[in-house]
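Have a look at the structure below before the remarks.
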Amino acid sequence: MSKKIGMIGWRGMVGSVLIQRMQEENDFAGLDATFFSTSQVGEPGPALGGAPKPLQDAYDVEALTDKDVIVTCQGGDYTQQMHPQLRAAGWHGFWIDAASALRMEPTSVIVLDPVNRHVIDRALERGCKDFIGGNCTVSLMLLAIHGLIERGWVEWITSMTYQSASGAGAAQMKELVLQMAEIGQRAGTGAADARMPVLDVEKSVTDLLQSADLTINQFGAPLAASLIPWIDRAMENGQTREEWKGQAEANKILEQDPPLPIDGQCVRVGAMRCHSQGLTIKMKQDIPLPDIEAAIRSANQWVRWVPNTKEDTLQQLTPAAISGQLDIAIGRVRKMTLGPEYITAFTVGDQLLWGAAEPVRRILQIVLNA
Ligand code: HSE
């Protein structure tokens with residue numbers, strides 16, 4: 001008999017990408033999928049996983065506990081409200097979640113199966129039922145350099161991030177484009193006029209960025225033609241929570257003990273849906289570059305090695321090039337002048353695919369086949 005799956009938050013940005021990927025991979029075949037809604041109960045659901053059925057109430061504990069697996073991209077508030085209720089009702093199904101709410105709970109596993117399939121398998125054996133997708137930046141970094149970490153070569157990592165608007169949310173993505181349009185309206189004609197002095201064009205852009213006219217309702221500051229070196233809320237030690245997640249989540253994913261030190265600055269930039277990271281990696285020893293390249297390349301099928309040339313970098317190592325793809329590009333790899341144990345690398349990955357939806361899609365397949 002096919003397993004009963006409940007899907008919640010499937011219309012949002014991550015949920016939509018998840019559904020799209022599930023369709024591409026024909027994952028709905030053989031699934032008995034029920035779609036839940038927090039706001040449109042009773043309306044027809046999507047025609048996926050069988051004939052369309054009316055949307056069920058995402059707050060109906062009885063309807064939810066009827067499912068073998070619940071997959072939610074609804075967000076942390078929903079998780080915090082419903083997960084305890086379902087467990088208190090004695091429900092022992094699999095809870096698969098894209099939100100961060102349960103990530104650091106001792107009873108849950110952060111899923112990134114190309115990196116931690118062994119951790120997932122052990123958790124399944126001991127009866128773990130809560131499987132949570134990781135922070136996008138962490139997942140993308142680990143996919144890119146797992147080849148170095150798994151060999152035990154890495155002493156510490158600093159990650160300087162260039163995170164896209166999609167990580168902040170759908171409204172923020174739209175606001176970025178709106179800011180671009182507003183800048184274009186103000187300064188576009190001058191920019192297209194070869195005779196216009198560039199400092200006049202710059203001044204009209206800067207005047208707009210520093211005025212109250214630019215739309216900044218979501219970000220609280222201009223992102224287009226600027227950047228924002230702050231993501232998520234403050235921690236007591238001066239990190240942002242996004243920066244804190246780097247070490248905390250990566251080590252939980254890897255079950256690394258003693259923990260691998262990871263820290264850096266997380267920065268929002270005007271990319272649409274790809275997160276990039278500039279990495280400084282302190283190796284435990286002087287590993288030759290060809291060995292580093294071989295280790296990175298062999299870690300998983302999605303890592304795409306980009307040679308350290310201008311041409312390859314411009315063609316293959318940008319958010320524009322990687323958007324919409326499962327590839328994890330890594331390039332600009334070289335020894336640093338700091339010493340032979342220090343290497344630098346730049347990596348780019350789609351924040352909505354491997355950064356969010358893909359680990360969730362894949363853990364659903366894993367638990368269904370467990
Ligand atoms: N917190 C990330 C960001 C996205 O703001 O870019 C989710 O992992």
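Residues take their numbers from the sequence shown, with the count starting at 1. Whatever order the structure lists ligands and atoms in, that order sets their numbers, starting from 1.
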Problem set entry | Closest to atom 8 (O) of ligand 1 among Gly355, Cys266, Ser139, Cys136 (heavy-atom distance) | Cys136
Problem set entry | Phe35/Trp10 aromatic ring centres below 6.0 Å | yes
Exercise. Out of Arg268, Gln351, Gln163, whose heavy atom sits nearest atom 5 (O) of ligand 1?
Worked result: Arg268
For this session: State plainly whether the residues Lys282 and Glu341 are in salt-bridge range, i.e. N to O under 4.0 Å.
Result: no
Problem set entry | Plane angle bin for Trp302 and Trp354 - parallel if under 30°, tilted between 30 and 60°, otherwise perpendicular | perpendicular
For this session: Report, in ascending order of atom number, the atoms of ligand 1 lying under 4.0 Å from any heavy atom of Glu242.
Result: 1 (N), 2 (C), 3 (C)
Exercise. Is Lys245 in contact with ligand 1, taking contact as a heavy-atom separation below 4.0 Å?
Worked result: no
Exercise. Judging by distance only, is a nitrogen or oxygen of His275 under 3.5 angstrom from one on ligand 1?
Worked result: yes
Problem set entry | Enumerated ligand 1 atoms positioned under 4.0 Å from heavy atoms of Ile231 | 5 (O)
Problem set entry | Centroid-centroid distance, Phe346 to Tyr162, less than 6.0 Å | yes
Seminar exercise, completed: So NZ of Lys67 and CH2 of Trp91: to nearest 0.5 Å the spacing works out to 11.0 Å
